[in-house]
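As the structure is a prediction and not an experimental result, all values here were calculated from the model. First the proteins, then the strands, lettered A, B, ... as listed; each starts at 1.
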Number of protein chains: 2
Amino acid sequence: MAVTTTAQVAPFPKSGHDHARCRDWMIKRAESLCLDQGLRFTPQRREVLEILSTAHQCLGAYDILERMGHRDRRPPPAAVYRSLDFLMELNLVHRMTSRNAFFACTRAEHAAPIQFWICRHCGVVGESESTLITDEVARLAGELAFRPETINVEIEGACQTCRTP
Amino acid sequence: MAVTTTAQVAPFPKSGHDHARCRDWMIKRAESLCLDQGLRFTPQRREVLEILSTAHQCLGAYDILERMGHRDRRPPPAAVYRSLDFLMELNLVHRMTSRNAFFACTRAEHAAPIQFWICRHCGVVGESESTLITDEVARLAGELAFRPETINVEIEGACQTCRTP
DNA sequence: CAAGAAATTGATATAATATATCGTTCGGTA
DNA sequence: TACCGAACGATATATTATATCAATTTCTTG
Ligand SMILES: [Zn+2]
Ligand SMILES: [Zn+2]
Ligand SMILES: [Zn+2]
Ligand SMILES: [Zn+2]
């Protein structure tokens, strides 16, 4: 495969965009993905993904929990983690390790390892997919005689919306 | 400043190297750094750094705690976190967010943001300093209209020692 | 449909990580 | 010595995550 030096950049979510549309798209994608793989997109898993995709930002597991089940009939913590594990396995949800938080993936495909961008002010998360970074990690790994298995890149800062009031 | 496409790579700690020598070097560096800046390198802070630099791998805050004070007279959790905060402020210690763990920095200077490499088997941590990755992050940030403030790159995998038994 | 297997969820408890608060001690300085 | 601020001790609590086992639901097969 050819190694390109250009990166494909995912759009950072716009400030005025329609969250409901995002959410519907992500839910439909989850449905078809599960259908294809013979997996069950249960109501609980759906609810977790709906909450994350509507929020469109990082949420902690207990933040998600608080929004589930309409006060009564709230599931135990383990249920949230189980749903999150399921969704992360399918790359429908990612974990932001620097915040112990989770967010819904906005990309159609994951061709390569991705980079996460999170705004400190509004908590909105963007994703990019730079092959250049991936290639450089591979090159460094060679020098270090290290075999990489997972690559985690998280950049915190300020998004455009929060810088231009 | 010129932008180079080569990266400066820190040595990954060798399997047979002398931990005591590492530790002594790190302690001396901390001493001189605190002296320069008029900061106090107290016995508690020293003990935390000694533990981390001797271990030469990621340790959780409570792992560090267990090794402090010789069973009796063990400080409370907050004390460890206070020392870690102090040491991280000086870049003498880094936090591995994907593991909620801490390790002693092995570099003399931090010219640029660094990348962390951690072996899943032995827990040993290496650091690299790739300007290429930093530059690419800056370029992506421009496209995303994002202002980066912290860049966290963590690569998990297998080190050479653990792959060649 | 009935029975059994497998996956999912509920319920409870607990582990692991991190912070808040406040009073005391320690170090340097006037 | 008296003072001030940094550091520490003590206690409590918050936050994040997992373990275990029983109950329920769903799927499979006869
Ligand atoms: Zn994604
Ligand atoms: Zn923002
Ligand atoms: Zn370092
Ligand atoms: Zn190793």
Undergrad: Of the non-hydrogen atoms in B:F103 and B:M96, which two are nearest, and what is the gap between them?
TA: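 Heavy atoms of B:F103 and B:M96 come nearest at CE2-CE, 3.9 Å.
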Undergrad: Whole-Å distance between C:dA16 C1' and B:L59 CG?
TA: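 My rounded result for the distance is 15 Å.
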Undergrad: Could you check which of C:dG10, D:dG9, D:dA19 has an atom nearest any side-chain atom of B:A79?
TA: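 Per side-chain heavy atoms of B:A79, the pick is D:dG9.
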Undergrad: Just how far, in rounded Å, is P of D:dT24 from CZ of A:R73?
TA: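 Taking atom P of D:dT24 as the reference, CZ of A:R73 is at 10 Å.
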Undergrad: Give the rounded distance in Å between these two atoms: CD of B:E66 and P of C:dA15.
TA: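 Result: 14 Å.
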Undergrad: Look at the side chain of B:Y62 and the base of C:dA18, then say whether one donor and one acceptor between them are separated by less than 3.5 Å.
TA: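 Counting by modelled atom types and ignoring angles, a donor-acceptor contact under 3.5 Å is found here.
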Undergrad: Name the residue closer to the 5' end of DNA chain C, choosing between A:Q44 and B:A101 according to the nucleotide with the nearest heavy atom.
TA: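 Closest to the 5' end, via its nearest nucleotide, is A:Q44.
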Undergrad: Looking at the base of C:dG10, is there any donor atom on it, or on the side chain of A:R82, that sits under 3.5 Å from an acceptor on the other one?
TA: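 Such a pair is found, so the answer is yes.
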Undergrad: On DNA chain D, compare the nucleotides closest to A:R99 and B:P75; which residue's is nearer the 5' end?
TA: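 With A:R99 and B:P75 compared, the 5'-side residue is B:P75.
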Undergrad: Among D:dT16, C:dA18, D:dA10, find the nucleotide with the atom closest to the side chain of A:Y81.
TA: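 Closest nucleotide to the A:Y81 side chain: D:dT16.
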Undergrad: Between A:Q115 and A:S130 (side chain of the first, backbone of the second, donor and acceptor by atom type, cut-off under 3.5 Å), is there such a pair?
TA: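 It does hold such a pair.
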Undergrad: For D:dT16, does either OP1 or OP2 sit under 4.0 Å from a side-chain N or O belonging to B:N100?
TA: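 No, no such contact exists.
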Undergrad: Side chains of A:Q57 and A:L52: closer than 4.5 Å at any heavy-atom pair?
TA: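 Of all side-chain heavy-atom pairs linking A:L52 with A:Q57, none is under 4.5 Å.
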Undergrad: Between C:dA7 atom C1' and A:F41 atom CZ, what is the distance in whole Å?
TA: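 Going from A:F41 (CZ) to C:dA7 (C1'), I get 17 Å.
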Undergrad: Quiz question: by atom type and distance under 3.5 Å, do the side chains of A:E154 and B:T97 form a donor-acceptor pair?
TA: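 Distance-only check fails for A:E154 and B:T97.
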Undergrad: If I take atom CZ in residue B:R40 and atom C1' in nucleotide C:dC26, what distance separates them, rounded to the nearest angstrom?
TA: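 Going from CZ in B:R40 over to C1' in C:dC26 covers 7 Å.
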Undergrad: Atom CG of A:L39 and atom P of D:dC27: how far apart are they, to the nearest Å?
TA: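 Result: 12 Å.
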Undergrad: Could you check which of C:dA18, D:dA6, C:dA11 has an atom nearest any side-chain atom of B:R95?
TA: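 Of C:dA18, D:dA6, C:dA11, C:dA18 is nearest to the side chain of B:R95.
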Undergrad: Please report, rounded to the nearest Å, how far the P atom of D:dC8 is from the CG atom of B:D85.
TA: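 To the nearest whole Å, that distance equals 12 Å.
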Undergrad: Which nucleotide, C:dT17, C:dT12, C:dT9, lies nearest any side-chain atom of A:P76?
TA: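 Of C:dT17, C:dT12, C:dT9, C:dT12 is nearest to the side chain of A:P76.
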Undergrad: Between C:dT8, D:dA6, D:dA10, which nucleotide gets closest to the side-chain atoms of A:T42?
TA: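 Looking only at side-chain atoms, A:T42 lies closest to C:dT8.
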Undergrad: Regarding A:R45, tell me which of base, sugar-phosphate or nothing describes its non-hydrogen contacts under 4.0 Å with the strands shown.
TA: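 Sugar-phosphate contact only - A:R45 comes under 4.0 Å of backbone atoms but never of a base.
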Undergrad: On the six-membered ring of A:F86, is A:R45 placed so that its NZ or CZ lies under 6.0 angstrom from the centre and within 45° of the ring axis?
TA: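 Judged by the rule, A:R45 and A:F86 form a cation-pi pair.
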Undergrad: Tell me: CZ of B:F86 to C1' of D:dA7, nearest whole Å?
TA: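 To the nearest whole Å, that distance equals 11 Å.
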